[in-house]
**Q** 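Quick one: this structure, given as structure tokens, is what I'll be asking you about.
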2 protein chains.
Amino acid sequence: MAQPATMAHSNPASRLSRLTVNRLSLYLRRLEALAAEGVKTVSSGQLGEDLGVSDAQVRKDLAYLGHLGYPGVGYYPQELIGVIRRTLGLDHDWAVVLIGAGNLARALLKYRGFQQQGFRIVAVFDADPNKVGERLDELTVTPMSSLAETIARHQAQLGIIAVPAPAAQSVADELAAAGIRGILNFAPAVLRLPPQVHLVAVDLAVQLEQLAFLVRQDLDPQ
Amino acid sequence: MAQPATMAHSNPASRLSRLTVNRLSLYLRRLEALAAEGVKTVSSGQLGEDLGVSDAQVRKDLAYLGHLGYPGVGYYPQELIGVIRRTLGLDHDWAVVLIGAGNLARALLKYRGFQQQGFRIVAVFDADPNKVGERLDELTVTPMSSLAETIARHQAQLGIIAVPAPAAQSVADELAAAGIRGILNFAPAVLRLPPQVHLVAVDLAVQLEQLAFLVRQDLDPQ
DNA sequence: TAGATTGTTAATCGATTAACAATC
DNA sequence: TAGATTGTTAATCGATTAACAATC
């Protein structure tokens with residue numbers, strides 16, 4: 001809107017790298033806490049210090065979203081919260097389906113951070129007939145055979161894969177075929193997806209191995 | 001050992017970036033699968049294609065670990081597995097303590113990827129007296145008061161924080177005070193730790209928001 | 001006003017890719 | 001040998017930081 005006409009077809013969000021988007025999530029969480037505390041303004045230096053990010057980095061990240069800062073003053077948390085939420089797509093709810101009804105699924109269902117940002121898990125599926133019908137929180141475990149129908153009914157756009165690695169690719173294929181647009185994958189498997197389906201992978205073993213490497217290197221450099 | 005004397009104080013591992021270490025974990029997992037299938041040699045092109053990494057990237061990453069490739073032939077999975085495991089510190093077991101006895105803890109206790117790489121969860125703690133004494137898999141939930149003693153007894157070097165965000169910093173402080181050298185943090189909180197304690201954070205909300213951003217940008221560019 | 005703080009540029013740093021001589 | 005493939009260099013790409021004029 002405030003963009004000059006010559007920039008009409010430029011898309012600010014498309015310039016945001018994965019790293020910047022990650023930090024925007026962190027800024028958002030911190031800003032929400034500051035707003036709840038009644039803080040009226042915050043500087044890039046303060047916000048960065050709270051999160052372990054440089055002040056220049058904070059300003060650069062936020063400048064991608066527009067002229068949101070006030071020289072000599074800082075940023076207004078309330079204003080920033082609105083802009084970041086819109087940028088991240090958090091200005092409306094997301095219907096999410098969860099595949100796999102194990103302990104990780106239980107943990108994710110209870111995870112408040114998802115609910116708070118408008119992610120609604122609308123169905124849980126499992127391939128194991130013994131788990132189908134089981135009650136998980138507010139939901140009843142549904143058979144995989146009703147995946148496509150359930151996704152269509154809820155107009156779910158996101159899916160979370162929490163099944164063992166060998167099953168992950170076939171679940172991903174089913175999700176893609178059912179029209180899911182983004183997958184958060186917890187299975188330790190590399191997934192192949194059509195280009196219109198976005199993928200974010202959380203690989204727990206990789207993260208723990210990263211930690212082992214850091215400690216090992218520190219204790220026993222060689 | 002095979003290093004010339006002039007490089008005696010250079011530390012190859014210290015040159016490895018976090019990104020490279022992450023990929024080494026992925027290479028390791030794939031190589032273990034290849035070895036199990038009886039594959040005798042693999043090229044950088046093949047390994048990269050399996051994991052979505054360029055061939056040049058694979059060669060560069062592996063070259064940090066030494067001259068492990070054979071021109072015209074490729075790499076020997078068995079040889080590479082040994083070197084990567086040593087580099088990542090996976091050539092011995094790690095005793096790990098788990099703080100928080102909720103659903104995420106249950107999921108982590110059952111996670112095969114940890115056990116397979118030699119991570120042994122030796123104790124589970126919870127601040128809630130109602131949870132203390134509860135059986136989780138092979139372990140009994142222990143009160144926080146015995147944290148330091150238990151860590152010392154098992155000589156645990158790694159800790160996993162799976163408690164709510166408000167409790168995370170105080171748990172981290174206790175772990176650091178008890179001599180833990182590395183923390184894998186699942187709480188959505190920024191932790192402050194002394195420099196000798198390494199930190200890897202897995203932030204589930206950030207990852208799901210990353211996914212929402214990608215999908216939103218794709219569906220509704222503006 | 002003086003002081004604080006932004007947005008942005010240029011410099012720096014780091015990671016990836018392309019290309020190819022060397023090797024088997 | 002011819003073909004395949006490595007290790008490494010130089011080129012490219014991208015992200016971070018330092019610095020400071022502009023602004024309130």
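All chains are named by letter (A, B, ...) in the order of the sequence lines, taking the proteins before the strands, and each is independently numbered beginning at 1. FYI, side chains are in, hydrogens and waters are out, and symmetry mates aren't considered; it's all heavy atoms of this structure.
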**Q** Sequence neighbours excluded, which residues qualify as side-chain hydrogen bond (donor to acceptor under 3.5 Å, both in side chains) partners of B/Arg106?
**A** B/Glu134

**Q** If you define the side chain from C-beta out and look only at heavy atoms, does anything of B/Ile160 sit under 4.5 Å from B/Ile99?
**A** no

**Q** Taking side-chain hydrogen bond (donor to acceptor under 3.5 Å, both in side chains) as the definition, give me every residue that meets it alongside A/Tyr75, ordered by chain and number, with sequence neighbours left out.
**A** none

**Q** Taking only nitrogen or oxygen atoms into account, show me every contact under 3.5 Å that the protein makes with nucleotides 17-19 of chain D, one pair per line with its distance.
**A**
| unit_1 | atom_1 | unit_2 | atom_2 | d |
| --- | --- | --- | --- | --- |
| D/dT17 | OP2 | A/Ser54 | OG | 3.1 |
| D/dA19 | N6 | A/Arg59 | NH2 | 3.2 |

**Q** Does A/Arg23 reach a base, just sugar-phosphate, or nothing at all? Heavy atoms under 4.0 Å.
**A** sugar-phosphate

**Q** If we only count heavy atoms from C-beta on, is the B/Phe119 to B/Leu184 side-chain gap below 4.5 Å?
**A** no

**Q** Please work out the stems of DNA chain C from pairs that are Watson-Crick or G-U wobble with both distances under 3.5 Å, keeping only runs of three or more consecutive pairs.
**A** C:3-24 with D:3-24

**Q** Starting at CG of B/Leu104, measure out to CG of A/Asn103 and round the result to the nearest 0.5 Å.
**A** 9.5 Å

**Q** Pull out every residue in residues 66-77 of chain B that has a heavy atom closer than 4.0 Å to any atom of DNA chain D, ordered by number, or say none.
**A** B/His67, B/Leu68, B/Gly69, B/Tyr70, B/Pro71, B/Gly72, B/Val73, B/Gly74, B/Tyr75

**Q** For residues 75-85 of chain A, which residue pairs pass the salt bridge (charged side-chain N to carboxylate O under 4.0 Å, His left out) check, not counting sequence neighbours?
**A** A/Glu32-A/Arg85

**Q** Between P on C/dT8 and CZ on A/Arg15, what's the gap in Å once rounded to a whole number?
**A** 10 Å

**Q** Between atom OH in B/Tyr64 and atom C1' in C/dA15, what is the gap in whole Å?
**A** 8 Å

**Q** Looking across every strand, which nucleic acid part, if any, lies under 4.0 Å from A/Leu19 by heavy atom: base, sugar-phosphate, or nothing?
**A** sugar-phosphate

**Q** Listing request: all side chain to side chain donor-acceptor pair (under 3.5 Å) pairs with a residue in residues 90-99 of chain A, at least two apart in sequence or in separate chains.
**A** A/Asp91-B/Arg216, A/Asp93-A/Arg120

**Q** Per the salt bridge (charged side-chain N to carboxylate O under 4.0 Å, His left out) rule, what does the pair list look like for residues 199-215 of chain A, sequence neighbours excluded?
**A** A/Asp203-B/Arg29

**Q** Could you give all pairs that pass the salt bridge (charged side-chain N to carboxylate O under 4.0 Å, His left out) test and reach residues 155-169 of chain B, with sequence neighbours left out?
**A** none

**Q** Just jot down the salt bridge (charged side-chain N to carboxylate O under 4.0 Å, His left out) partners of B/Glu174, sequence neighbours excluded, or say none.
**A** none

**Q** Quick one: which residue pairs count as a salt bridge (charged side-chain N to carboxylate O under 4.0 Å, His left out) with a foot in residues 175-195 of chain B, not counting sequence neighbours?
**A** A/Asp218-B/Arg181

**Q** Which of residues 29-51 of chain B sit near DNA chain D, with a heavy atom under 4.0 Å from it?
**A** B/Ser43, B/Ser44

**Q** Given side chains that start at C-beta, do those of A/Ile84 and A/Leu62 come closer than 4.5 Å, heavy atoms only?
**A** yes

